[in-house]
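Structure first, then comments.
Letters go in sequence order (proteins before strands), and every chain restarts at 1.
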Amino acid sequence: MGSLIPFLDLNLLPDPTTTINTATICPKIEPKLEPYDEPPPLQPPQQTFFPDPNPSFFSNSQSTPFPDPDPNSPSQPPELSSEENNVYSEFYRISELFRSAFAKRMQRYGDVDVLDPDSRAIVPVSEENRVSTVVVARRRSQRSAELVRVTDLGIEDQRYFRDVVRRTRMVYDSLRIFSMMEDDKRRGMGISRRTRGDLRAASVMRDRGLWLNRDKRIVGSIPGVYIGDLFFFRMELCVIGLHGQAQAGIDYLPASQSSNGEPIATSIIVSGGYEDDEDAGDVIIYTGHGGQDKFNRQCFHQKLEGGNLALERSMHYGIELRVIRGIKYEGSVSGKVYVYDGLYKILDSWFDVGKSGFGVYKYKLLRIEGQPDMGSSILKFAANLRARPLTARPMGYICLDISMKKENVPVFLFNDIDSDHDPMYYDYLTRTVFPPFAFHQGGNGTGCDCVSGCTDDCLCAMKNGGEFAYDQNGILLRGKPVIFECGTFCRCPPSCRNRVSQKGVRNRLEVFRSRETGWGVRSLDLIQAGAFICEYAGVVLTRDQAAVFTMNGDTLVYPNRFTDRWAEWGDLSQIYSDYVRPTYPSIPPLDFAMDVSRMRNVACYISHSSSPNVLVQFVLYDHNNLLFPHLMLFAMENIPPLRELSLDYGVADEWTGKLPICN
DNA sequence: GCTAACTCATAATA
DNA sequence: CTATTATGAGTTAG
């Protein structure tokens with residue numbers, strides 16, 4: 001069971017500038033009995049911002065706008081330009097600001113009866129607490145001022161939160177895509193501009209209280225969000241609670257809501273919008289916000305307020321910060337991808353003159369050690385790997401295409417653990433082999449006549465219940481019991497949007513040796529949520545044939561054992577109370593097995609997980625026999641390059657190898 | 001490359 | 001003290 005550590009009071013946090021003992025942290029004060037004349041035990045930080053020239057705060061570079069006083073003529077203040085004068089007066093203003101914040105803190109101090117040192121202890125999360133952390137019932141509720149840190153999540157908790165996050169993101173994506181498709185439909189009827197699906201989806205979800213992590217402000221990592229997770233829209237970060245600011249790069253608990261009157265930063269986005277940022281991965285020189293005009297030019301001095309002050313305070317207290325990077329990415333819907341890169345600490349901050357000659361606040365951030373590799377560096381590494389696999393990883397590649405050019409893209413085989421080459425010794429099968437009689441049953445020959453491309457009311461749309469299963473980009477909109485793609489019996493061109501899975505693998509996949517799972521599969525490309533990955537291919541056996549094979553100890557896969565994860569995809573029951581999961585086109589229980597003992601494809605090496613990132617969707621295209629659908633695999637979330645793919649094979653939690661395969 | 005249209009959270013004001 | 005308004009922080013899609 002995980003824990004929420006309340007940041008009950010920032011006053012309880014170690015102050016790096018004072019000696020810490022319980023007495024100073026938690027003085028017992030009875031304000032009504034004793035006049036409050038003694039100086040409060042907490043001192044203002046030695047490291048004040050200004051105007052004291054503190055070397056750690058003011059850059060020691062020569063570019064500081066504050067020329068050192070000339071030692072030879074100490075009585076002569078240096079000549080200041082009007083610009084420098086402005087900076088000075090700004091500093092005095094901020095100085096006042098901090099002084100008043102500090103005074104407020106001292107005032108509050110008098111109100112505190114007894115600060116219980118035990119209140120810093122780990123508080124177990126009750127079921128009630130856990131739900132309230134994630135699911136916010138109140139509509140349009142404001143963000144909470146309660147600062148907490150979530151620690152010690154057990155496996156069960158992690159899985160729970162992961163599922164909540166994935167479900168939320170799935171709803172977000174569904175709403176976004178449906179919203180855009182609605183606009184496209186209306187576009188023919190005079191509406192020219194599309195409303196922004198990313199904003200619409202967020203707004204609908206906010207109205208229904210589906211935004212996560214609003215009733216607590218989480219410092220540190222967000223439950224259910226892993227390092228390396230990818231997002232295509234800024235609003236999605238808000239919906240998850242990873243970063244609560246629609247536009248600003250610094251998210252923070254404002255001073256007005258903080259327990260000690262000082263603001264605390266919780267997350268930042270490094271998206272390259274500031275010319276003075278220097279991003280070296282583990283170390284970032286981050287520029288505060290402000291000072292820019294509409295065209296992103298620095299044109300006046302930044303102020304030490306809002307997020308900038310919060311970063312400084314976070315540094316002072318040594319509080320960690322979530323870092324999200326916004327990276328240009330071809331092939332993303334928005335041309336950009338946001339990567340969660342983990343937690344950083346702020347080591348230093350100073351005022352500097354930026355490239356355009358205006359004052360900027362700078363913060364030196366260092367990534368906390370012991371975290372998984374950064375998502376952004378994995379993205380870079382994967383790009384190298386795609387371009388020159390043997391240069392990027394000289395050791396470990398056994399085969400550069402186990403499909404022997406049968407797939408559209410090569411399927412790599414990688415093993416840097418032992419000498420096992422097993423996957424090379426199977427014939428590669430790109431598609432499932434059905435028995436000939438499967439093609440002669442089940443209403444063959446029904447296809448559409450859409451020579452110039454399928455329309456929303458064509459026969460094949462009707463076969464799917466009046467709608468196509470994919471959007472224009474080939475993204476699965478909603479899981480169904482079975483999908484009829486256009487196929488052999490249709491007159492539509494190969495470019496028809498209802499032909500997605502039959503076109504085969506588009507991502508460069510890699511079978512790799514893993515200590516945990518034996519063999520596993522990962523992609524060198526980012527796989528967008530809802531995208532087709534590959535077929536689960538094998539040689540189909542009827543029940544009788546399978547019985548014989550089982551006796552021979554051969555390896556069989558039973559398609560009916562896969563969990564109905566398709567039903568989760570596009571499930572909008574949280575939005576519409578009358579939502580029902582699709583039951584059409586219906587499909588009878590599957591009564592066949594697949595032999596993968598001699599011929600198989602890459603899917604066979606995908607590992608099991610009860611919290612998977614890949615789902616099975618049944619699809620028909622080369623025959624209409626409902627008894628023998630193809631098993632097509634689609635991404636259930638944005639899968640970062642090099643992250644292992646996993647399927648819910650539908651057997652109990654414990655790890656027993658490739659689960660649906662029985663010997 | 002440019003521009004319209006939009007967002008949230010917080011501070012300030014009524 | 002609460003409700004409203006103002007401000008400022010960038011992204012997305014055409």
Side-chain angles (χ1 to χ4, degrees), chain A residues 93-94 97 100-101 104 136 139-145 172-173 175-177 179-184 187 191-207 209-215 217 231-258 261-275 277 286-311 324-338 360-361 472-473:
Chain A
R93 197 184 73 76
I94 300 296
L97 192 146
S100 69
K104 216 160 147 193
V136 179
R139 289 186 179 192
R140 289 271 167 195
S141 63
Q142 292 209 321
R143 284 212 291 178
S144 160
Y172 179 83
D173 239 18
L175 287 173
R176 185 181 65 80
I177 295 175
S179 152
M180 301 220 289
M181 289 178 47
E182 294 269 302
D183 286 351
D184 284 343
R187 190 129 63 147
I191 293 168
S192 60
R193 212 176 220 316
R194 280 206 296 212
T195 52
R196 281 180 46 182
D198 57 323
L199 303 181
R200 277 270 296 282
S203 151
V204 169
M205 291 181 75
R206 194 156 105 123
D207 284 345
L210 293 175
W211 284 29
L212 305 184
N213 298 313
R214 305 211 96 218
D215 65 343
R217 296 259 191 144
F231 303 81
F232 291 117
F233 296 91
R234 189 110 183 211
M235 285 310 291
E236 204 179 352
L237 303 174
C238 294
V239 172
I240 297 305
L242 194 59
H243 186 82
Q245 224 71 29
Q247 292 193 234
I250 307 169
D251 193 18
Y252 64 100
L253 179 74
S256 58
Q257 296 181 33
S258 163
E262 295 175 34
I264 295 296
T266 51
S267 61
I268 60 164
I269 297 183
V270 189
S271 52
Y274 284 84
E275 60 190 13
D277 282 356
Y286 188 72
T287 313
H289 59 193
Q292 292 188 333
D293 61 10
K294 240 181 136 48
F295 311 106
N296 272 19
R297 302 293 310 169
Q298 292 297 141
C299 61
F300 49 92
H301 300 304
Q302 290 187 344
K303 297 169 182 171
L304 190 57
E305 60 188 22
N308 296 352
L309 184 58
L311 283 176
I324 300 124
R325 283 190 171 80
I327 300 174
K328 274 203 179 123
Y329 190 83
E330 308 272 334
S332 129
V333 234
S334 61
K336 216 170 184 185
V337 67
Y338 295 95
V360 290
Y361 286 91
Q472 298 294 350
N473 301 313

Take the protein atom [atom1] of [X] and the nucleotide atom [atom2] of [N], then report the distance between them rounded to whole Å.
X: R200(A); N: dT12(C); atom1: CZ; atom2: P; result: 17 Å
X: R143(A); N: dA11(B); atom1: CZ; atom2: C1'; result: 15 Å
X: R206(A); N: dC6(B); atom1: CZ; atom2: C1'; result: 14 Å
X: E236(A); N: dC8(B); atom1: CD; atom2: P; result: 15 Å
X: D183(A); N: dA4(B); atom1: CG; atom2: C1'; result: 16 Å
X: I240(A); N: dC8(B); atom1: CD1; atom2: C1'; result: 16 Å
X: Y252(A); N: dC8(B); atom1: OH; atom2: C1'; result: 12 Å
X: Q257(A); N: dT10(B); atom1: CD; atom2: C1'; result: 8 Å

Quiz item: So what does G244(A) hit on the nucleic acid, given a heavy-atom distance under 4.0 Å: a base, only sugar-phosphate, or nothing?
Solution: sugar-phosphate
Quiz item: Stepwise, does the side-chain contact (heavy atoms from CB on, under 4.5 Å) test hold for I269(A) with R325(A)?
Solution: CA-CA 6 Å; I269(A) 297 183; R325(A) 283 190 171 80; over 6 Å; no
Side chain to side chain, [X] and [Y], heavy atoms closer than 4.5 Å:
X: Q298(A); Y: E275(A); result: yes
X: R217(A); Y: I264(A); result: no
X: I324(A); Y: L237(A); result: yes
X: Q245(A); Y: I250(A); result: no

Under-3.5 Å N/O pairs linking protein and nucleotides 4-11 of chain C:
from, atom 1, to, atom 2, distance (Å)
dA9(C), N6, Q247(A), OE1, 3.4
dA9(C), N1, Q247(A), OE1, 2.6
dG10(C), OP1, Y274(A), OH, 3.0
dG10(C), OP2, Y274(A), OH, 3.1
dG10(C), O4', Q247(A), NE2, 3.3
dG10(C), O3', R234(A), NH1, 3.4
dG10(C), N9, Q247(A), NE2, 2.6
dG10(C), N7, Q247(A), NE2, 3.3
dG10(C), N3, Q247(A), NE2, 2.8
dT11(C), OP1, S271(A), OG, 3.3
dT11(C), OP1, K336(A), NZ, 3.4
dT11(C), O2, R196(A), NH1, 2.6

Practice problem: With side chain to side chain donor-acceptor pair (under 3.5 Å) as the test, would you mind laying out the steps for T195(A) and R200(A) before giving the verdict? | Solution: CA-CA 7 Å; T195(A) 52; R200(A) 277 270 296 282; 2.9 Å; yes
Exercise. Establish, with yes or no, whether the OP1 or OP2 oxygen of dA11(B) is under 4.0 angstrom from a side-chain nitrogen or oxygen of S256(A).
Key: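 Indeed, a polar side-chain atom of S256(A) lies that close.
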Quiz item: With the threshold set at 4.0 Å, does a side-chain nitrogen-carboxylate oxygen contact exist between R143(A) and D251(A)?
Solution: yes
Quiz item: Please, which pairs that meet side-chain hydrogen bond (donor to acceptor under 3.5 Å, both in side chains) have at least one residue in residues 264-273 of chain A, sequence neighbours excluded?
Solution: H243(A)-S267(A)
Atom pairs under 3.5 Å: protein N/O with N/O of nucleotides 12-14 of chain B:
none

Exercise. Mind checking the OH-CG spacing from Y361(A) to L309(A)? Nearest 0.5 Å is all I need.
Key: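 Spacing of OH (Y361(A)) from CG (L309(A)) equals 9.0 Å.
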